[in-house]
Each structure stands twice: as structure tokens, then as C-alpha cells.
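One structure is given here, and the rest of the page talks about it.
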4 protein chains.
Amino acid sequence: MTEQARRAQIVAAAVEVLAEGGYAAASFKRIAAVAGLSSTGLISYHFKGKQELVDAVYAEVTHVFAGFVLERMDRGTGAAEELRAFLTANVRFMAEHRNHAIALHEVRAHASAATAGDGDHRKMADLLREGQRAGEFRDFDADTMAVFVMALRDGVLARLGNRAEIDLDRCERELVTMVELATTRGTGTWAGGHGR
Amino acid sequence: MTEQARRAQIVAAAVEVLAEGGYAAASFKRIAAVAGLSSTGLISYHFKGKQELVDAVYAEVTHVFAGFVLERMDRGTGAAEELRAFLTANVRFMAEHRNHAIALHEVRAHASAATAGDGDHRKMADLLREGQRAGEFRDFDADTMAVFVMALRDGVLARLGNRAEIDLDRCERELVTMVELATTRGTGTWAGGHGR
Amino acid sequence: MTEQARRAQIVAAAVEVLAEGGYAAASFKRIAAVAGLSSTGLISYHFKGKQELVDAVYAEVTHVFAGFVLERMDRGTGAAEELRAFLTANVRFMAEHRNHAIALHEVRAHASAATAGDGDHRKMADLLREGQRAGEFRDFDADTMAVFVMALRDGVLARLGNRAEIDLDRCERELVTMVELATTRGTGTWAGGHGR
Amino acid sequence: MTEQARRAQIVAAAVEVLAEGGYAAASFKRIAAVAGLSSTGLISYHFKGKQELVDAVYAEVTHVFAGFVLERMDRGTGAAEELRAFLTANVRFMAEHRNHAIALHEVRAHASAATAGDGDHRKMADLLREGQRAGEFRDFDADTMAVFVMALRDGVLARLGNRAEIDLDRCERELVTMVELATTRGTGTWAGGHGR
DNA sequence: GATGAATGAGCGTTCATTCAT
DNA sequence: CATGAATGAACGCTCATTCAT
């Protein structure tokens, strides 16, 4: 089995363990068991240390997540539409890739600072600023609003991770409406225009 | 020293340790050291297990937090005003009781499901429903909106816990505006009426 | 059992293990077994890490060794006599405290640089310089000669540690003679005067 | 690549690793890396176990060392001169083949008893006895004196291995003088005759 | 011969917990 | 009540060694 494949297999097992038992349960022993490995030494063989595995999981999960979301965003023709696509894609991802989503939630706090950069935050802030320049969004502080938008996404994610009952479809609709109300110029036409 | 006082002392030390080093660093050894105890055995003596201590910390922090917030809410004369007071009080609490706030953030994921109940969530949903009945709020799904409101609060809290730079005053203003836009009927008078 | 006593017991067990099996065999597991402890964790409980135990062993063994030697040196009335007493005492120590001597040999290379200072080397060099000032010793480089004297001591120690057959009594006599010949002014009276 | 060449390559890499990081750092991984091998398996393939590699290193280093020294000894015309040549050659070797010398120092304690035989010791004792028979040396116990002479050599070697500052040229001169004083009949002419 | 992934024993260390005093 | 030494399970990690390719 090739190195690449083994690493991927281990990361996949880690994602599963993280999704099922949370970070605390994600010991090498458990991950090895789920991956069908006979020794935790093999994980150390492929990853220099636990931190590297954690970072690899974070990178993988983040990569898949970002791919999923970006694919659904670049069809947008304006900042507001892109924002809506972002929210929709995020909730969809949670519905379709539950394990990845929960694993991200569990692993985020433990990823290296360098790795776990605020890239997402900055991109969101930029998108919001762009929408303000285009006149689509009202005059809020873009950085703070970026915190809010990501917080809404993370709140849904946390809810999912905590196994609380949650209707993701309704959640998606309400989320889009709420963010539009909160960000766009208050003409009332937009929110109303979409029937919500 | 009375049982009550000892427990309170230990919980207070735990809060400090949690705020400073996060959950991972919150070993009995460290907590005992901060509390000025000479043995971790004393912690085990007063708390049946680590889980009980964690739950006690969660209960204490939650109690103080709720007290702070409720005190500032019941002056409100309507649901919208109460909601605004809730948001303001939450951010204020983070500013004035940083350790308690961060400890809450750190400990929440590890508190017993039974303890960490969704009481807050339900109360928020009830408030929102009340506002809808009174005609103050628009027609959203109250449970979902409650998730969102709490998510916004938690997002700010997480930002604080991660030691990211954050201007709590601006955050408070933007948060209130955003939630008002997202919840009240779109007359535009309210948000505008407060000079933002 | 008091902390002090436990530490001493563990150090004593470590000395025994080192003397019997060398540094490589001196695992916590083995030391704990020899000390009659039920868990290696207890060693970690009393010593912050393996390095601290190693340093404690080095300190203990060095302390006993130095005490033994110094007691027999300060009776000397001149540098030459002190030097002779040093050599004699060293060999005697190896004979009477075999385990401590071998443990010192095994542990020396692994003691912290700070701990394993060249104190002995410097003291020897000072003694030699003093003897030169007094006219007892010939004109050699004191630092280099100190290296030699300590090397002779260490050579005997190594021989002991390697379980090679060695007659310590004869060794003591020959060592004293050799060092006197090598250090004192070549009158010939001294070495001869002692019946060799 | 021939078996012989591979073994030599691995041994050479081991010597380098031993000289740079000491025995503790001489893992197969490191040796393979220095040797430019892609797998530690290759080392196990060519050497039955770590012990065999260690013994091979000891043999190689000892062989080179002995060759260097013997080449400079057989020019001597008497035991005293040979002894002096031995000492000189030893110190010269340390200066000119630092890595081999330090590797010898590091590996000696771990070589098999069988391999690490006392051949050198016996040869030195024989040389000393020869000198005694020829009237060049005084009446000491040859075996013990051999221990001393080798101890002096090893002391310098250890100093080198410990990265302590050491002036090998001065060391060489002082060493020759000391050993001559300690071994030859005390006419005083020799040591003085060489101007030291 | 050479590769490199896989193995499994052993390591030092941390931790919550227990219990005799 | 309080102490603090003792316990033992679990952890991440390293290493020489094996073996299918």
C-alpha cells in the first residue's frame, strides 16, 4: 500500500473517530483500530506526531469543505448572491458530509495556529466589503459582520456536533433570510422578494 | 472550612485554570496548585470524579452568567427590548468577567449532557415567540432563530477564548443592530431610530 | 513513607541496576522492580523526568564518593601527600563501594552538563599547582596533568565496570608510585623511600 | 554494489553518526539517512542485528586505529621508543582522525565482550615486559602499568569525545614525558634529555 | 539485492483516583 | 476533614526488525 493511500486511510479513520467520539476519544489506539492497523506505531510512522495527524485531518476536512462550498459560490454574480450561496453550501455540506463537518468542529480547537489560520474569516470580510462597495450591503463593520456570519455557520455546526435535533433544510432557509435582512440595504424588497 | 466553601474555592480555581490554559491544561494538579491545596486528593474528596467538578464549574459559571444577564433583562418592557438587553448583557459580561466567560467556553463541550441542557436555548425561543405574539418580531421559526442568536453570542465568546483581537464595544453595537434587523418587522424605524 | 526516603530508595535501586546492567538496562521498569514499587509512575511522581533521576543518582554517588575521598585527603600535610591520599582513597572506594563506583562510571556520560561539571578536574589542577608552588612537583602543565591523573582513576574505574579481573591492592600501590614518579622532582628518594 | 562495499558504506555512516551524536543518537534511521540509504531494512539485511553492526564499527575503527599506530611504532628500535611512538601515534590519530577516534570512544562500551577483547591491553603489557627484560623500564607490574597507559590514552580520548577544550600538541608532549618518568629507570637523563 | 511499509515490544510520562494516616 | 504517597491504566512515541514486492 502506498504512503499516500495509508495517510489518507489514517486520516479517514481519524475523521470517523472524531465524528463519533469527539477529540477526547481520538487516541491513536482507537484510530488504528478503526483503520484496521495492528499498531499505533504505524500512525507515528506516517505522521511525525499527533499534532501532524491533527493538522492533516484539519487540512483534509477543510479542503473538502472548501471545495464543496467554493464550487457552489463561484456561480454567483454578486456579493449578496455569493453570500447566500456560501450559507446554503455550508448547510448542505453538513447534511451531505456529516462526519467531515463534525470532525472539523471537533478538531478545529486543536489544529496548529499556523494551519488553522483565519483565512475563512478574512475571505468573508473581503466578500462583505466588496458587497458594500457595490452598494448591495448596508454600512456595517465588515470584520465584525464576518465574525457573525461565521458564528452562525459554526453554531449550526456545533448543534450538529452535539447531536441536538436540527432540521437542516429549515435551518438553511432561515439562515439565508436572516443574513440577508442583516446585511442588505433595508429596502425590504429582497427578503420579501424571495418569499420568506 | 465548610464543605460549601471548599467546593466554591476549588471551582473558582478551576475557572481560573480553564480561562488561562484551556480544558487540556485543567488537570487536578494545576487546579489544586492554583487553589492553594496541598493535594489533588482533596478535589476527589469533594467531587466524586472529574465529571462532577466539570459540571460544577459549568453550573457555577452558567449561574453567574445568567444572573448577570437576567438582572439586565427584566428591566425590559417588551420582547425586542429584552432581546437587546440580552445581547448587550452578554457582551458586557464577556468584557467584565472575562475568566468566567472563557471558562464557560472551554468547559461547555465537556459538561454532562444532562447538565448542559438547552435551558438557555428554550428560554430564548420562548422570548422570541413572545415577541412574535406581541407583533414585535417578524415571522421566523423561533427555535431556529434561537439557535442563531445563541450562535452569535457563542461566536463572540469563541473569538474571545481564542485570544483573537476583538473590539467588544463595536461588537456589541453591531450585534444589536444585526439581530434587530434580522428579527423585527422591517419598518426600518427601529434600527434607524437608534442612530446607527 | 516520607518523600525523602522514597527518593533515596529509588536512587539506591537505580544505583544497583546501573551497577548490574549498565545504563542501557536502567529503565524505570527495572528500577521500580528492584525498588519494590508497583508502578513506574511512582518514579515519575518523585522525579520530574528521567534526567532528574539520573542527575540525582549522579549527585548521590558523587557525594558519597567525594565524602569518602575528602575525609582521607584532609589529613595530608602537603600537596604530594594529598595527591597520594586522593589516589589511595579513590581505589579504596572502588573496593569498598563497588556498586557506587560502577554506577558513577555508567551514569557519568548521561548526567546534565550543568551537574556533571568539571569540578573535580579543576580541584585536581589546583592541587597540582599548589604543589608546584611549594616546590614539591616538577614543572608540568597542571591542567594537562590533572587530565592524566583523573584519567588514571577513571581507567581503573572502567576496568572495574567492565568486570575485568583487577587486583585493586596492587593497583593502588602501582598507581601511587607511578603518579609520584610522574609528578615529583626526580630525586628518587620518595618512591624509593616507600620500599618499592 | 558488492556486499563488502555496502557494509563498508554503512559502517562509515555509523562512524559519522557516532562521532556527531554519540551512541544514543545512532539509530538505524539516522545511519541510513547519512549513508544515503532509503531504508533501514538494508542495514538489517547486511547486519544480522544492531549488535553486529556495532561490532563491525568497533572492528573497523579499531583496525584503522591500530594500523595508524602500528605503522608509527615498528620503526622503533627499543621498547621505550616504541612506547613513546605508541603514545605519539595515539594522540596524532585523535587529531587527524577525529571521527574515528570519537566513534571508538562511543562504541566501545557497547561492543560485544568477545569482540572488544583486551588485545590492546595484552600487547601493551607485552611491550612493557619486553622493555623490562631489556633493562629499559623499571620494575613495575606490567599488566597494571598497561592498564595505566591505556587509561591515559582513553582519558585524552574521552576529553575529545566530551568536546572539552584540549590542546592535543601539548597533551602529546606532556603525555610522553609523564609516561617516560613513570616507566623508565630513574636516571633522570631521559626526560631531561628531551628538553621537556 | 534493495525497498519501504508494517510490526510489536518497550519506553518515559501524565492523570484521575484511592487510601492509610 | 485533610494529606500526600501510591496506584495502574492509558497515552504518544521510538526503535530494531521483518517481509512481501
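All figures in this text were calculated on a predicted structure; none of them were measured in a lab. To find a chain, count down the sequence lines: A is the first, B the second, and so on, and within it residues start at 1.
- Side-chain atoms of B:T40 stay outside donor-acceptor range of the base of E:dC15, with no qualifying N/O pair under 3.5 Å.
- When rounded to the nearest whole Å, the span between CZ of B:F47 and P of E:dT17 equals 12 Å.
- In this structure, A:F28 atom CZ and E:dG8 atom C1' are separated by 16 Å, rounded to whole Å.
- Within a 6.0 Å radius of CZ in D:R30, no more than 12 heavy atoms belonging to other residues, nucleotides or ligands are found.
- Partners of A:Y23 under the ring pair (Phe, Tyr, Trp, His ring centres under 6.0 Å) rule, at least two apart in sequence or in another chain, are A:H110.
- Among the nucleotides F:dG12, F:dA6, E:dC11, the one closest to any side-chain atom of C:S27 is E:dC11.
- Residue contacts shown for C:S39 include a base, since a base heavy atom lies under 4.0 Å away.
- Atom P of nucleotide F:dC11 and atom OH of A:Y23 are separated by 12 Å, given to the nearest angstrom.
- Residue contacts for B:S44: at a heavy-atom cut-off of 4.0 Å it reaches a base atom on one of the strands shown.
- We find the CG-NE2 distance between C:N162 and C:H105 to be 5.5 Å, quoted to the nearest 0.5 Å.
- Distances shorter than 4.0 Å separate some side-chain N or O of C:H46 from OP1 or OP2 on F:dA6.
- More than 12 heavy atoms of other residues, nucleotides or ligands sit less than 6.0 Å from atom NZ of D:K50.
- Although no hydrogens or angles enter the test, the distance criterion places a donor-acceptor pair under 3.5 Å between the side chain of D:R163 and the main chain of D:G161.
- Rounded to an integer number of Å, the gap from C:Q4 CD to F:dA5 P is 11 Å.
- The CZ atom of D:R7 lies 11.0 Å from the CD atom of D:E60; values are rounded to the nearest 0.5 Å.
- Residue A:R6 places at least one side-chain N or O closer than 4.0 Å to OP1 or OP2 of E:dA6.
- The side chain of A:S38 places an N or O atom within less than 4.0 Å of a non-bridging phosphate oxygen (OP1 or OP2) of E:dT7.
- When rounded to the nearest whole Å, the span between NE2 of A:H110 and P of F:dG12 equals 12 Å.
- Nearer the 5' end of DNA chain E, as judged by each residue's closest nucleotide, is the contact made by C:L42, out of B:L42 and C:L42.
- Rounded to whole angstrom, the span from the CD1 atom of C:I43 across to the C1' atom of E:dT14 amounts to 15 Å.
- The 5' end of DNA chain E is approached more closely, in terms of each residue's nearest nucleotide, by C:R30 than by the other of C:R30 and B:G41.
- Shown here is D:Q4, whose CD atom has no more than 12 heavy atoms of other residues, nucleotides or ligands within 6.0 Å.
- Here F:dA10 presents its C1' atom at 11 Å from NZ of A:K50, a figure rounded to the nearest Å.
- In this model, the phosphate group of E:dA5 is approached by a side-chain N or O of A:Y45 to a distance below 4.0 Å at OP1 or OP2.
- Distance alone, capped at 3.5 Å, is enough to place a donor-acceptor pair between the D:D55 side chain and the D:S112 backbone.
- The residue C:T2 sits apart from the nucleic acid: no heavy atom pair falls under 4.0 Å.
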| Given pairs defined as Watson-Crick or G-U wobble with both distances under 3.5 Å, what dot-bracket annotation applies to DNA chain E, with ( ) intrastrand, [ ] crossing, | other strand and . unpaired? | .||||||||||||||||||||
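- One interatomic measurement links the two molecules: CD of C:E3 to P of F:dT3, which rounds to 16 Å at whole-angstrom precision.
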